[in-house]
Amino acid sequence: MRALAASVVAIVVFTAALGFGYPALMTGFAQVAFPHQANGSLVVRNGTVVGSSLAAQEFTSPRYFHERPSATSPAYNAAFTTFSNLGPTSPALAKLVRTNAQAILKLEGPYNPGLTIHDIPVDAVVPSGSGIDPDITPAYAALQSRRVAAVRHLPLATVQLLIRENTAGRTFGFLGEAGVNVLELNLALDKLGGN
Amino acid sequence: MGQGWAQIVVYAVVLIALSYPLGIWMARVYTRERGDVVERGFLRLLGRDASGDQDWKHYGKSVVVFSVAFMAFLYGLLRLQGHLFLNPDHLPAVPWTVAFNTAASFITNTNWQYYGGEATMSYLSQMAGLAVQNFVSAGVGMAVLVAIARGISRRGTGAGLGNFWRDLYRSIVYILLPLAVVLTVILLSQGVVQTFHGHVTATTVQGAHQSIARGPFASQEAIKQLGTNGGGPYDSNSAVPFENPTPLSNFFEVLAILLIPFAQVVMFGRMVLARRHAWVLYAVCFTIFAIGVGIALPSEQHGSSVLRNSGVNITHSASQPGGNMTDKEVRFGIANTALWATATTDVSNGSVNGGHDAFTPAGGAVPLVNMFLGEVEPGGVGSGIYGLIFYILIAVFVAGLMVGRTPEWLGKKIEAREMKLAAIGALFVPTMALVLTAVAIVAPAGLASVYNAGAHGFTETLYAYTSQSNNNGSAFAGYGATTFSTTLGGIAMLFGRFVPLLAGLAIGGSLARKKVVPASAGTFRTDGATFGVLLLGVIALTAGLMILPALTLGPIVEGLMH
């Protein structure tokens, strides 16, 4: 009974201090010190929230760079993330990779003469971990650059410059991998104008 | 690959450099006689259970009563969340099967999740339910380890192991909370969300609507990593950019997984006055960690057979990570995901920054074997080291048989009672994991949870019951929630927590009563490389051999068939 009495008091105290006090104080601090990040790194254009720089969103138009495949339902669902959970030897994975690769060859082939499946980086054909991976690899961005430049009638060098500007390299030169933020890159393209 | 290894070497150096002073600090926290003003007030508030020295039975009773009471509270909260406040997205009650499994999961420091957090749990449930357990269940494990260490260091002067409530308070207030605050600030600077505003709906560039889940999650992420908990607010866990946005946030999060566990090895050595012995243990744990990364990283970089045969480019270069990128994030690449998978299962963390179900057969076998060894490398906060103690006792027993003397450890004679308890502690959980896997593979209700076909489906099942029995919580996440799987898993987590915990406390209580025998020429030394090798062998021969037949049915068959 003594242990139970102590438990009840401890539950109340810990829930109050750690369940309310701690997150409330941290939220207060966050909203003052890092309001942009704390609210989801939202991207605003012309007064409207167009997305978050930390979440992929669907791009299907040839005018835009496309994201990595997503296993969420619907794709790029930032309200219910999920893995694909496709095993390494799964026939379903093999089929998905084939389908995605064919689609890329069809889309990018006309702008990249001689393009073969060996030129497609793996991240372009397999689902990401979160389903909302905001980045593509510089390799996949390079693959898409000729199409975007052609469709928008921009010099390839201009598009390549934008890619570089929206690439986060490895932190301190060795940590993690380089990634190109697709939403920010596409917004930069739109800002440039062109048709 | 060179850059991949460089990241891991830097990680290891920082881990060693930080865990050492933290271990010294922790030993000081627990051995200080007089508590602070708040501590004394808190203990007075709790009443008589929180005063005086407890023997192992009394200590264990406080642990069990507290955990069960808190589990009931958490279960009630999850069931009632639909009627309560801080629920801006109007989420309904959690179904009872999932609520039972989740309550068991979080009070046992497992954090297995049969739900997607952002679509299931209200802010109230996340903050005041789950995140509180992230502190408390970690604090319970740390307290129990400290009690056992006191038992070992007693010189036959009484059976007391300290007071549970005091140890719990100090674990949380002096260790977990300050570290969590520091880590929260680091994570916030990198972009982890921390807000009470609900979902935001964006109008995307192409004119569609995208709902984005947010919440007070940086503060939860910090303790989730530090307390070897692992249960994240989002379904894809630390792969989600809102939990883990940059390579730097990833570095600190994966550092937080192993920081306190390795510091506890240092702390343990100081508390039982055997610093050289502790360094041997540190080296053994580190060796198992290094072997794990050494297998997982090249396996994932080599890619799966499906990807190799597909013809797409999987070669690592400056412009892409290559390898098995299925269910992995670009910013982390292969090395950081392989490192995380190894670290999270060397201890009982279980958070993931990529999908384990999609790992290659060899890469996925690393976390599986790590967990099966009992997560003693160096294991969950508290629970890992007392798990390691079972193996240490078996090792000194084997050595005793070889030299023909009564085995001794840290000056105490190890006799039949301790050996029985150590055998229960070391063998109960792996046996349970295998039996439950067998049940779930034979029963049609169990097969309903399997997602991928064939050998990989067997591995999913084995992984699920190994993870829950060992209180890890990571998953081959295709394995689905049914009434059968949630109930069986919930029971596995409770037994997996409390059987080894009580066996450990009983050993502490038993050793507390023993007089110290002075070391002589015939004493088997436990502070040298010989003992380290022996201990590694014992770990490999006990749990390692137990899982080998199951491994052949799962990852080995899968690896050989393709």
Side-chain angles (χ1 to χ4, degrees), chain A residues 2-7 9 11 14-15 18-19 23 26-27 30 34 37-41 48-52 54-55 57 78-90 93-94 97 117-118 120-123 125-126 128-130 133-135 137-139 171 174-177 179 186, chain B residues 6 46-50 62 65-66 69 73 116 119 127-128 132 135 184 188 191 193-195 202-205 210-214 216 219 234-236 239-241 245 247-248 304 306 310-314 319-321 325-331 333 354-355 357 360 452 456 477-478 562:
Chain A
R2 273 193 223 151
L4 189 62
S7 298
V9 178
I11 288 170
F14 285 137
T15 302
L18 305 170
M26 289 290 106
T27 306
F34 303 102
Q37 293 93 324
N39 290 313
S41 305
T48 331
V49 175
V50 294
S52 163
L54 293 182
Q57 57 178 253
F80 201 158
T81 59
T82 184
F83 303 113
S84 75
N85 292 319
L86 292 171
T89 57
S90 136
L93 177 66
V97 168
I117 194 166
H118 305 301
I120 301 177
V122 61
D123 68 291
V125 295
V126 294
S128 63
S130 59
D133 189 344
D135 300 321
T137 57
T171 309
F174 76 99
L175 213 53
E177 297 284 349
N186 284 333
Chain B
L46 294 188
R48 286 187 52 196
D49 204 50
S62 295
V65 170
F66 177 58
F73 173 83
M127 274 169 45
V132 173
F135 281 101
T184 304
L188 283 171
V193 290
Q194 181 80 28
T195 176
T203 307
T204 67
V205 174
Q210 184 185 34
S211 175
I212 299 171
R214 305 178 295 178
S219 54
Y234 292 91
D235 192 49
S236 283
V240 177
L248 198 60
S304 62
V306 163
S310 70
V312 298
N313 186 346
I314 60 167
S319 63
Q320 71 146 347
M325 280 298 284
T326 315
D327 288 1
K328 292 188 180 65
E329 299 278 291
V330 166
R331 62 194 180 283
D357 215 341
T360 61
N452 285 283
H456 197 77
H562 294 271

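Note on naming: letters A, B, ... go to the chains in the order of the sequence lines (proteins, then strands), and numbering restarts at 1 for each one.
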Scored by heavy-atom pairs under 4.5 Å with chain B, the best of A:T171, A:V97, A:N186, A:T15 is A:T15
When rounded to the nearest 0.5 Å, the distance separating CG of A:D123 from OG1 of B:T326 is 10.5 Å
Side chain, backbone, both or neither of B:S310 within contact of chain A (heavy atoms, under 4.5 Å): both
Between the CZ atom in A:F14 and the CZ atom in B:F73, the distance rounded to the nearest 0.5 Å is 13.0 Å
Sort out for me which of A:V126, A:T27, A:T81 touches chain B most, counting heavy-atom pairs under 4.5 Å. A:T81
Per-residue contact mode, A:V50 against chain B (heavy atom under 4.5 angstrom): both
Which atoms of A:F34 come close to chain B, meaning under 4.5 Å heavy atom to heavy atom: side chain ones, backbone ones, both, or neither? side chain
Please tell me if the side chains of A:F83 and B:D235 come closer than 4.5 Å, counting only heavy atoms from C-beta onward. no
Nearest-0.5 Å distance that lies between atom CD in A:E177 and atom NZ in B:K328: 12.0 Å
Which of A:V9, A:V125, A:L54, A:D135 touches chain B most, by non-hydrogen pairs under 4.5 Å: A:L54
To the nearest 0.5 angstrom, please state how far the CZ atom of B:R331 sits from the CG atom of A:D133. 5.5 Å
Would you find a donor on one side and an acceptor on the other, under 3.5 Å apart, between the side chain of A:N85 and the backbone of B:G355? no
Side chain to side chain, A:Q37 and B:L188, heavy atoms closer than 4.5 Å: no
For the residue pair B:E329 and A:S130, establish whether any side-chain heavy-atom pair is separated by less than 4.5 Å. yes
All heavy atoms of B:M325 vs all of A:V122, minimum pair found to be CG-CG1, 3.8 Å
Could you grab the distance from atom CG of A:L86 to atom CG of B:D327, nearest 0.5 Å is fine? 7.0 Å
Which of the residues B:G478, B:A50, B:G333, B:S211 is involved in the greatest number of heavy-atom pairs with chain A at under 4.5 angstrom? B:S211
Segment of B:Y234 engaging chain A (4.5 angstrom heavy-atom cut-off): both
Out of B:G311, B:G354, B:A213, return the one with the most heavy atom pairs under 4.5 angstrom to chain A. B:G311
B:S236 (side chain) donor-acceptor with A:G129 (main chain) under 3.5 angstrom: yes
Taking the side chain from B:R214 and the backbone from A:N39, do they hold a donor-acceptor pair closer than 3.5 Å? yes
Do A:L93 and B:V306 come close enough that some side-chain heavy atom pair is under 4.5 Å? yes
Has A:Q57 got a side-chain atom pairing as donor or acceptor with B:V205's backbone, closer than 3.5 angstrom? yes
Counting heavy-atom pairs under 4.5 Å to chain B, which of A:S90, A:A94, A:A79, A:A139 comes out on top? A:A79
Picking from A:A55, A:A5, A:A30, which has the most non-hydrogen pairs under 4.5 angstrom with chain B? A:A30
Minimum heavy-atom separation for B:Q194 and A:P23, please, with both atom names. NE2-O, 3.4 Å
Side chain proximity check, B:H456 to A:P88, heavy atoms < 4.5 angstrom: yes
Interface check, chain A: of B:A202, B:P245, B:S62, most non-hydrogen pairs under 4.5 Å belong to B:A202
If you define the side chain from C-beta out and look only at heavy atoms, does anything of B:P321 sit under 4.5 Å from A:T137? yes
What part of A:T48 lies closer than 4.5 angstrom to a heavy atom of chain B: side chain, backbone, both or neither? side chain
When heavy-atom pairs shorter than 4.5 Å are enumerated against chain A, which of B:P247, B:G47, B:S319, B:P216 gives the highest number? B:S319
Minimum heavy-atom distance between A:G19 and B:M127, given as atom pair plus value: O-CE, 3.1 Å
Can you tell me if B:N452 uses its side chain to pair, donor with acceptor, with the backbone of A:G87 under 3.5 Å? yes
